[in-house]
There are 2 protein chains.
Amino acid sequence: MEDYMQANLDAFLPLRDLVFKTLRQAILTGELKPGERLMEIHLANKLGVSRTPIREAIRQLELEGLVIMVPRKGAQVAHITEKNMSDVLEVRLALDELSVKLACERINDEQIERLRQAYLDFENAVKTQDARKIATADVCFHDIIFEACGNPRLSQMVNNLAEQMYRYRFEYIKDPHIHATLVMEHRSILDAIVERNIEKATQSIHDHIAHQERAIIAQLRVENRVE
Amino acid sequence: MEDYMQANLDAFLPLRDLVFKTLRQAILTGELKPGERLMEIHLANKLGVSRTPIREAIRQLELEGLVIMVPRKGAQVAHITEKNMSDVLEVRLALDELSVKLACERINDEQIERLRQAYLDFENAVKTQDARKIATADVCFHDIIFEACGNPRLSQMVNNLAEQMYRYRFEYIKDPHIHATLVMEHRSILDAIVERNIEKATQSIHDHIAHQERAIIAQLRVENRVE
DNA sequence: TATTTACACATTGTATACAATATACCGTAT
DNA sequence: ATACGGTATATTGTATACAATGTGTAAATA
């Protein structure tokens, strides 16, 4: 709460948004597990706010597909099934292909320079073997592509889809065997965009997502077996 | 409220969902105009509920992009700019292409039969010249394709995007000059899916959306000029 | 002993009360 | 006359109170 009051000075941020971010983070990192119930009073006490902001945050999580509502029973963390995840990936693939295609057409010199730098940062992050750093650098790289495609709506949608697989992608990134492949794929995407070669770019991003898809589905199978 | 209490007997539906649907309808039909403020007490009195369901409905409208929140000032109906609409259409085109592609691969005989029937219904609706009937028949036709593509997530996203242009699409449908074209385009999509011809299907849907895009953007220009 | 019913408790759904803040209008001073 | 400031009001943000409902447990009866 103290941080909140402090941030309040520059930009007012409703509690519901803070709660939303907090809960989303908890779900994506696995702190809140699939099937777990989100009980309002409990969360309100834990976060030191009333039920109202909690409820409003849950409404948003519901529309993002992170929780499901059972009438008169409240919210619970959405179960992620294999079908569910492949549905999401199917859409994500199409939107990622669109975004690199648009990036090829619309990227400007300054953005190309930043994309180059982001690629180098990613290379360095991989060298550290620190999964968290790698994940962050990966997000930065892709964010520049989204920015370059000049369609905020598209960016927002892809981001939302990507979020839903964060938890599993992290496991994927932790495996050092795929690091070299990841760098190569990024390199390929970078080159294609710089050359403004749409064919090559869509092919590269396709391979990139397809690799992740296989790993994520495999990871999902493991976790679902354990439970 | 009476309808609500009645429906309550079979399936409980929270007030927030009713309010959500009501407000969304009002925005999409233009009853609530872009820039108009959504004042909670006012809406609460008008709909005969308290502020709580109103607020929760507004949270959902916010995530659907139909309203924007101004801190400490509340919600207002989102302004739809030309850029905004072409951004949405850009994404919609990609997702519609994906959905017909998947439909070609996955549609079953029973769904083909219903799609045929939906096409005939659309033909008949056009003959009546009743814009409302045409719009409904159009939605039915496309809904079967979404169902056939077997990806509920995709359907939901396309539906959400399509919703945002309902208001303008309606003006488009009212023009009798384009009716023949509309029927032909539907025919082309139907044939392509029945033949499971992905190339033809994506091309057809592309043309279909592109036509709508031109009309919608033109309509948008007219309305924005008036204001 | 098993089953059914009733009651208590936990939890969501809804309404209202209270707090903080922005805006508009009016008065005063320069 | 205009500009600045203060106060009143309208509105959102947050908290709490009340209502409805589902669930679990215990007791009573077959």
What integer distance in Å separates [X]:[atom1] from [N]:[atom2]?
{"X": "A:F20", "N": "D:dG13", "atom1": "CZ", "atom2": "P", "answer": "16 Å"}
{"X": "A:M69", "N": "C:dT11", "atom1": "CE", "atom2": "C1'", "answer": "11 Å"}
{"X": "A:E40", "N": "C:dT14", "atom1": "CD", "atom2": "C1'", "answer": "11 Å"}
{"X": "A:Q76", "N": "C:dT11", "atom1": "CD", "atom2": "C1'", "answer": "14 Å"}
{"X": "A:I41", "N": "C:dG13", "atom1": "CD1", "atom2": "C1'", "answer": "12 Å"}
{"X": "A:L43", "N": "C:dT11", "atom1": "CG", "atom2": "P", "answer": "11 Å"}

Can you figure out which of [options] approaches the side chain of [X] most closely?
{"X": "B:K73", "options": "C:dT23, C:dT11, C:dA15", "answer": "C:dT23"}
{"X": "A:S50", "options": "C:dT14, D:dA15, C:dA15", "answer": "D:dA15"}
{"X": "B:L15", "options": "D:dA15, D:dT11, C:dT14", "answer": "C:dT14"}

**OP:** Any ring pair (Phe, Tyr, Trp, His ring centres under 6.0 Å) involving residues 135-167 of chain B? Give me the pairs, sequence neighbours left out, ordered by first then second residue.
**Re:** B:F141-B:H186, B:H142-B:H186, B:H142-B:H208
Only counting residues at least two apart or in another chain, list the ones meeting salt bridge (Lys or Arg N to Asp or Glu O under 4.0 Å) with [X].
{"X": "A:E31", "result": "none"}
{"X": "B:D17", "result": "none"}
{"X": "B:E62", "result": "B:R59"}
{"X": "B:K174", "result": "B:E171"}

Subject >> Contact list for DNA chain D against residues 51-60 of chain A - heavy-atom distance below 4.0 Å >> reply: A:R51, A:T52, A:P53
Original post:
Going by atom types alone, do B:E163 and B:N159 pair a side-chain donor with an acceptor below 3.5 Å?
Top reply: no
